[in-house]
Structures are given as structure tokens and as C-alpha cells.
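Lettering of chains follows the sequences in order, A, B, ..., and the numbering in each one begins at 1.
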Amino acid sequence: MSNNNKVYISELTNSVGKEVTLAGWLYQARSSGKVLFLIIRDGTGLCQCIVEKGKIPDELFEQLKRLGQESSLMLTGTVRAEQRSVGGYELSVTNAEIICPTEGYPITPKSHGVDFLLKNRHLHLRSHRQWCIGRIRHTVIDAIRRFFNDNGFILIDTPIITTIVGEDQQSLFEVDYFGSPMHLAQTGQLYVESAAMSYGKVYCFGPTFRAEKSKTRRHLTEFWMVEPEVAFIDLPALLELAENFVSFIVAQVLQNNRSDLETLGSDIASLEKITPPFYRLTYTDAVDILTGQKTKDFLAEQLNDLQTQKQQTESRIAELETEQTGQIKQWKKDKIAAELIELCAGLAETNTKIENNPRHAALAAEFRWGKDLGGSDETIISQMHDKPIFVTHYPKRAKAFYMKTDPKNDKVVENFDLLAPAGFGEIIGGSIREDDHDLLLRRIGEQGLNPETYNWYLDLRKYGSVPHGGFGLGVERTIAWVTGEKHIRQCIPFPRMMDKVYI
RNA sequence: UCCCCGAUAGCUCAACUGGUAGAGCGAGCGGCUGUUAACCGCUAGGUUGUAGGUUCGAGUCCUACUCGGGGAGCCA
């Protein structure tokens, strides 16, 4: 077969009426006697290919009819616009070449469990949803680089094997470095700070490792983080940078991945609202909100909604169960059974929320100034807003040693978290850094860290110290928020979770 | 670290208070010229996570363990 007319599915719009060759994998196949409907994927999209008996040799028709899912093949035919077809185009096949016939591909077009799919992650990446998420991930990462590169930032690659504790000593991954204990980087921040004193505006972007014993939908032990750092910046300007940055990422995804977002069922209308300015709250405001009547009412209303939702689901389940016992076709029964499984899963989730609601309400009401905001507190604040929220000026004792004490109030630091809206929670943490040598040294001591390890970091405060600051954005959390994907593990090709690495 | 739930065919799940282990998908064979997770007929496919216990009898009850899911805590 000649490869001269080979095109990608994404380019079919330019080939209507022409004879072309597609090379790809069989994603799905249906047959209706003398017509085969083969859906092909080639990495750029899906295309339904029509094979009619009589238009190709009989022997080839029989081979194609028996072809298993994920067989690789090349199909030649004429391109036609077709509304009914996935992607909007169809290929009327005139010739075909089977490259590798496949039998027993484990991931079928039916539903599968989480564990099974993670064990088959190397194959699951081919599935349509995962493919869409991967394309959005690509856009997010490209947008991150583009934003900083176009705004005068210099990329600095920070080390992965390191001696310093950037965040928390409990969550370090130890590495045996020729007999000496070292660990994997929890952040590149301290290194980008020194680079900021050379270039002014810098960022690092790479994998980050945290051995947190957190088994939640928002945690990975290996994740990607981008950390800009700017010399001569104050907190208001840093917030402005962060909101422009996040808005740019969302805009790029909306521009480049609209069909992926649609496939995933993402909330596009909400994403379109993500423009500066974002909401700004101080930690103290947040505490007032959490302990105030508004939150009480909000949670009570939410509980009400959940109860209604629960009742609706339950009556629907009862309805289906009655229907199931009647005289109906077996396939119809199975459809009902499948719907029931889905409804029951939804019901379980609603029940968990109902169970958690009073607990979260109690936690919020009893919240006292000085504690770090818990996961549920963040969720509540984020649910009460339709745009991202900056929470600034946290109590000093809940935060890392390098954050600058607020000159106007020495109980708080000049930091911020950015909470994504609609209950998603934190995607950015950042701060102005302590630039006074003696204050920083004291903070290092207070945290029980060894000052000698930080000699080079303290040097930055000895030789031309300037006000500076930066933040870190979690890539997978951002992708999960933008796509509406429930679990962060779907947002990285090969996830590493607490106690669990599949492949 | 704690709490809750689960483990049955390759996959997703049934099997009421203990009584012969089933269905769909997938696989194989056959039918159907416009299917959208197509449909219809037939066939194959199981030591019910592991180890013990109770019982005439255990997928079902009890104990321990292993693995998984969800949540809490903790944490960007």
C-alpha cells in the first residue's frame, strides 16, 4: 500500500472528497451484515470507517470483520463529511492493510474498576477520556511555560537530589547518596530564590516528591510543580501575577481543548468566568466567615439539597427495581442493572457528604484563630465562591520558616493560598520571603532545622537582600480542577500514590 | 494512624433470612446493508482473595491475614 496520501484524522477537514490513508488502531467495531463500522484512532482523533462488502476483496472483508479491538491497521478510502459520525467525518474504505491483529485486549468499551484500570495504565492511556485529559495536560504545561517565557522570566532547573528541607521533615523521601542520606526535592524554592537575585524573574518547573501519608483525591507522592520567584515584589503584585497566570492557563485550555472539555463533561461556563480579579480574603476574614452565620446557613442549605438529592435518587432506585421485576427483555434488565449500580455509587457519595456535613459544620464553627485551615474549611470557602479565592496573611506559627512576617502584624506572615472554586480547594501556595538575615536565622532555629545547612540560603540575605516572593502551582491539581476530574491520579500519566505504585 | 465498605468468570456485577453459582460485556461460531457501549441466536469460560472455624450443608455466619475503594487526621 502506498503511503503517499497518508493523513491524520485531525486533518480530515482538508480532505473531503479525496482518497486518503489513515494509520491507527481499531478503537471500536460494529457490524451489520454486509457493512462494517470501524472506529479508528490515530492519536489525533477518532474516525468511523465504513467497509461495505463488495467494495473490497471478500477475504479482506472477512479479516476486518474478525479484527479485535486495538489491532493496528491502515485504511484507505474516500473522506465524507457525516454529521452522525464521531468527529464529523467518515471514510468509505476501498483498501486496507492489517499491521498487527490483536486478540483479547483487556479494556473493553464497558465500565471498569479503578484498580483494574491503574494496573492496565499503559493501555488505559489509549482510552478516550484519558486521551482528552492528556491533551489538556499538554496545554496546561505549554501555557505555564509560555506565560513565564513571554513575561520575561528565566527558566532555572533546580536539583532533585537535595540536602535542604523545603517544607516538612516528615514528608521526605530519603535517598542513599554514596552512603550519605539525602532526599528528593519537596520544592525548588530555595534555589530559585538565589537565581532570582541573578536574573530578577525566574521559575523552575519539575517533579516534586512528598512522602505525605495522605490518601485523598488531592494527593500524589510525585507531582509536578511550577515555582516562579520574583525580586522586588510585594504581596499585592504577587497576587496579581498569580491571577493573571491562572487565568491565562484556563484561557489556553478553553481555546485549544474545547472538544476535550466537552467529552469530559467539564463545566465550561464556569471556566469562562475565570478572569482577573479573583476574590481576596485574609485568613482572619476566612475565620470570620467560617465561624459566622452565613457559613452555618450555607451548610444547612447544602445539607437540605443533599437530603433532597438523596430522596430523589432513592425513589429513582425504587422505580427501577420495580421495573426490573416486570416482564422485560434481558438486555433491558441489564441496562437497568447498570443504571442501578451507578445510582447506588452516587447515593453512597451523597451519604458520605451528608455524614460529613455536620462534622464540617462543627469544625468550621469551632475554628479558632491560629490553626491552619483544614481540608474541609478550604472546601467550604471554595464552595461559597464562583471564582478562585486568595486567602492571605496566615498565622506565623502554622507556616513555613521562610515566609516574611507582616510588618504591620507580627502574628501573621505575608503569604497566600489560592483556592479553586466550587469545592476543589488549594492549587497554589506562595509568599513574600523573609529577607532579614537575623529574623530568618531565628525562624530556622524555631523550626528545629539545622542552620548550617542553610548557610548559603542565609547568604542571600547578607549580600544585597531585597524584598522578593513567589509561589508554587500544582499541575495535577490544576488539571483536575479544569477538567472536573474527581481524582488527581487521572491527571498524570503514571501516578505515584501513597504506598501504591502500579507500573 | 483511625473509621466505614468491598473482594464471585478476562471485565462489570447478581445470587433474599445458610440449601444445585447466574447475567451482560469480552472471546469463539452463525445471522443482519447505517450502526452510535448496535441488535438477535448458539458455544466455551468458576477450588467464590488466603488460612482456619461453626454447621448435615458456607459465596452467604465467625476469627485472622492479604489486597482494593471511600472518608478522617496530616499535608502545597
For A/G113, report the nucleic acid contact type (base, sugar-phosphate, nothing); a contact means any heavy atom under 4.0 Å. sugar-phosphate
Does a side-chain N-to-carboxylate-O contact under 4.0 Å join A/E434 and A/R443? no
Euclidean distance, atom NE2 of residue A/H124 to atom P of B/U12 [Å, nearest integer]: 12 Å
Answer with yes or no whether the side chains of A/S247 and A/N244 bring together a donor and an acceptor at under 3.5 Å. no
Across the strands shown, which category fits A/G474 at heavy-atom distances under 4.0 angstrom: base, sugar-phosphate, nothing? base
Looking only at atom C1', what distance separates B/A14 and B/G57, rounded to whole Å? 22 Å
With C1' as the reference atom in both, quote the distance from B/A9 to B/A21 in angstrom, rounded to an integer. 10 Å
Under 4.0 Å, heavy atoms only, any strand: does A/S85 hit a base, just the sugar-phosphate, or nothing? nothing
Between P on B/U35 and NZ on A/K65, what's the gap in Å once rounded to a whole number? 17 Å
Can you tell which of B/C32, B/G71, B/G69 lies closest to the side chain of A/R489? B/G69
Taking atom C1' in both B/U63 and B/G22, what distance in whole Å separates the two? 30 Å
Base-pairing string, 5' to 3', of RNA chain B - Watson-Crick or wobble, under 3.5 Å, | interstrand: (((((((..((((.....[..)))).(((((.......))))).....(((((..]....))))))))))))....
Any chance the side chains of A/Q383 and A/Q302 put a donor and an acceptor closer than 3.5 Å? yes
For residues A/Y394 and A/D417, is any side-chain donor paired with an opposing acceptor at under 3.5 Å? yes
Sequence neighbours excluded, which residues qualify as ring-ring contact (aromatic ring centres under 6.0 Å, His included) partners of A/H487? none
Among the candidates B/U12, B/A72, B/G69, find the nucleotide nearest to the side-chain atoms of A/R359. B/A72
Counting any heavy atom closer than 4.0 Å, what does A/F37 reach on the DNA or RNA strands: base, sugar-phosphate only, or nothing? base
So that I can tick it off, tell me whether A/D372 and A/K399 are bridged by a salt bridge, with the cut-off set at under 4.0 angstrom between side-chain N and carboxylate O. yes
Classify the nucleic acid contact of A/K53 as base, sugar-phosphate or nothing, counting any heavy atom under 4.0 Å across all strands shown. nothing
Distance, rounded to the nearest Å, where A/K215 contributes NZ and B/C3 contributes C1': 11 Å
Roughly how far, to the nearest 0.5 Å, is the CG atom of A/L26 from the CG atom of A/L36? 10.0 Å
To the nearest Å, how far apart are A/K34 NZ and B/C39 P? 20 Å
From CG of A/L117 over to P of B/C11, roughly how many Å is that when rounded to an integer? 11 Å
Going by the rule ring-ring contact (aromatic ring centres under 6.0 Å, His included), which residues pair with A/F148 if we only count those two or more places apart in sequence or in a different chain? A/F153, A/Y203, A/F245
Can a donor-acceptor pair be found between the side chains of A/Q130 and A/R121 at a distance below 3.5 Å? yes
Check every atom of B/G69, B/C29, B/U12 against the side chain of A/S111 and return the nucleotide holding the closest atom. B/U12
Sugar-phosphate, base or nothing in reach of A/H487, heavy atoms under 4.0 Å: sugar-phosphate
A/Q28 and A/Q69: side-chain donor and acceptor closer than 3.5 Å? no
B/G71 phosphate, OP1 or OP2: any side-chain N/O from A/R217 under 4.0 angstrom? yes
Determine the Euclidean distance between corresponding C1' atoms of B/G6 and B/U50; express it in Å to zero decimal places. 16 Å
Will you find, in the side chains of A/T392 and A/R280, an N or O donor that is under 3.5 Å from an N or O acceptor? no
For RNA chain B, whose closest nucleotide is more 5', that of A/V86 or that of A/D372? A/V86
Go through B/G70, B/C11, B/A37 for me and flag the one nearest to the A/H112 side chain. B/C11
Describe the nucleic acid contact of A/E90 in one word from base, sugar-phosphate, nothing, applying a heavy-atom distance below 4.0 Å. base
Expressed as a whole number of Å, how far does the C1' atom of B/C61 sit from that of B/G31? 49 Å
What distance, rounded to whole Å, do you find between the two P atoms, one in B/U17 and one in B/A37? 36 Å
Just checking A/L419: base, sugar-phosphate only, or nothing, at a heavy-atom cut-off of under 4.0 Å? nothing
Can you tell me which nucleotide in B/G34, B/U33, B/G69 comes closest to the side chain of A/R84? B/G34
Once you round it to whole Å, what is the distance between P of B/A72 and CD1 of A/I380? 11 Å
Counting heavy atoms from C-beta on, name the nucleotide in B/A72, B/A38, B/U33 closest to the side chain of A/N356. B/A72
Separation of B/G68 atom P from A/K119 atom NZ, nearest Å, is 7 Å
Expressed as a whole number of Å, how far does the P atom of B/U8 sit from that of B/G59? 15 Å
Determine the interatomic distance between C1' on B/C39 and the same-named atom on B/U54; round to the nearest Å. 49 Å
Between A/R30 and B/C25, does any side-chain N or O lie under 4.0 Å from OP1 or OP2? no
If I take atom CD in residue A/E103 and atom C1' in nucleotide B/G28, what distance separates them, rounded to the nearest angstrom? 10 Å
Go through B/U33, B/G70, B/G34 for me and flag the one nearest to the A/I50 side chain. B/G34
By nearest nucleotide on RNA chain B, pick out whichever of A/D115 and A/A29 is the more 5' one. A/A29
Just to be sure I understand the rule, does A/R80 reach a base, reach only the sugar-phosphate, or reach nothing, if contact means heavy atoms closer than 4.0 Å? base
Side-chain atoms of A/H360 come closest, of B/G68, B/G34, B/A72, to B/A72
Indicate, with a heavy-atom threshold strictly under 4.0 Å, whether A/Q69 touches base, sugar-phosphate, or nothing. nothing
Side-chain-base donor-acceptor pair under 3.5 Å for A/Q28 and B/U36: no
